[in-house]
Amino acid sequence: MATGAETDAVLETGLPEQWYALLPANWVKDEPVGITRLGRRLVLWRDGDGAVRVHTDRCPHRGARFSQGHVIDGLLTCTYHGMQFDGDGTVVRVPAYPGCKLEGMPGVRPWPAVEKANCIFAWMGEGEPAPLTFPVEFDDPEWSHFLCTGTWQGSYLYALENVVDPMHGTYLHAKSYTLAYGSGEDEMEIERTGDGFTVRRTQQVGRNFDWTEFHSTGADWVRLDLPYPPGAGPGGMFRILGYITPVDADACQVFFWRLRKVDGWQRDLWRFMYKSRLEERHWHVLEQDRVVIEQMEAPEAELLYQHDIGVTHLRRLLQRRARDHLKSRAAPPLAAE
Ligand code: FES
Ligand SMILES: [Fe+2]
């Protein structure tokens with residue numbers, strides 16, 4: 001069985017063999033964009049049909065960064081010697097040597113990618129992509145949403161643990177617009193669900209950040225509701241859907257969709273209020289999380305208590321997956337003679 005150090009090493013930059021949110025879709029336009037996710041340098045670009053493509057950001061000729069190149073005639077074009085690749089990564093042209101035998105050969109592998117809710121998701125695995133299911137809100141026209149994203153200079157593990165730790169809402173965000181309400185004491189409980197778990201306060205619901213659902217549906221994501229004070233206009237709770245993607249061991253990209261179930265003029269009003277007034281307040285709350293997470297340093301032995309059951313449940317789940325991953329990579333036993 002894998003040791004704790006081995007599973008920690010797998011988890012350090014993110015579990016492979018699953019889907020991850022990479023970047024807002026409208027950040028990838030006419031030119032290649034270079035990013036780092038799960039410790040890998042990736043290039044994102046759009047082919048001649050406008051479909052987003054993801055490759056390792058390294059030209060297979062001599063290793064120049066594709067992200068320093070261009071998209072020309074719908075082909076990814078390396079800046080160094082001008083080699084061109086299609087969306088499947090096949091070498092299409094070697095302009096400096098017409099008729100070169102490399103033309104038509106596989107050049108760089110594509111990472112399967114899809115766009116959803118103004119975000120690019122990619123399968124970061126070697127094997128066949130797992131089925132990917134999105135939160136129902138993404139396809140439900142009754143939900144109106146905004147995507148906000150940011151890079152946090154802290155481990156994605158801290159950021160994930162932060163969202164399965166509802167009790168911090170009452171303390172860290174005590175003076176905030178949405179999270180200044182309710183009791184500062186409670187008991188937490190965990191409920192296993194079909195694709196993950198829910199962690200919730202037992203004595204309070206609908207007053208503060210009182211519960212989180214953690215789902216694994218090809219990608220890991222969370223759902224939580226926050227109460228809106230009357231000044232936020234008509235409509236129900238403020239919902240958050242979150243995906244957190246490792247950049248490397250020390251940084252992560254957080255993606256939070258902010259949603260409200262409103263239609264007609266109420267939707268227009270909320271969207272206007274969000275842009276003109278509410279967004280800044282929500283960013284302020286998120287900044288409080290970022291500032292804490294970027295400075296965190298795990299103690300030798302944490303003094304965990306009852307409220308940390310979401311954190312410990314998540315850690316066990318990730319450790320189990322890391323062990324499964326290591327097991328699947330282990331060499332098969334030698335066949336009996
Ligand atoms: S390194 Fe890309 S074409 Fe030479
Ligand atoms: Fe928070």
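When a ligand or atom number is given, it counts from 1 through the structure's own listing order.
- For the pair R271 and F146, the cation-pi criterion (under 6.0 Å, within 45° of the ring axis) is fulfilled.
- Side chains of S216 and R321: a donor on one and an acceptor on the other come within 3.5 Å.
- Of all non-hydrogen atoms in R258 and L286, the two that sit nearest each other are NH2-CD2, 3.6 Å.
- A cation-pi arrangement is not found for R281 relative to W283, the charged atom failing to lie both closer than 6.0 Å to the ring centre and inside a 45° cone about the ring normal.
- Contact between V247 and Q253 at its shortest, heavy atoms only, is CG2-N, 3.8 Å.
- Under a cutoff of 6.0 Å and an axis angle of 45°, R37 and W123 do not form a cation-pi pair.
- Ring centroid separation for the pair H282 and F238 comes in under the 6.0 Å cut-off.
- Excluding waters, the protein N/O/S atoms found under 2.8 Å from the Fe ion (ligand 2) are H168 NE2, H173 NE2, D289 OD1, D289 OD2.
- Only protein N, O or S atoms were considered, and those under 2.8 Å from atom 4 (Fe) of ligand 1 are H61 ND1, H81 ND1.
- Checking each of W257, W19, Y156 against Y243 for a ring-ring contact (aromatic ring centres under 6.0 Å, His included) leaves exactly one that passes, namely W257.
- Annotation for G125 and R109: closest pair O-NH2, 3.1 Å, computed over non-hydrogen atoms.
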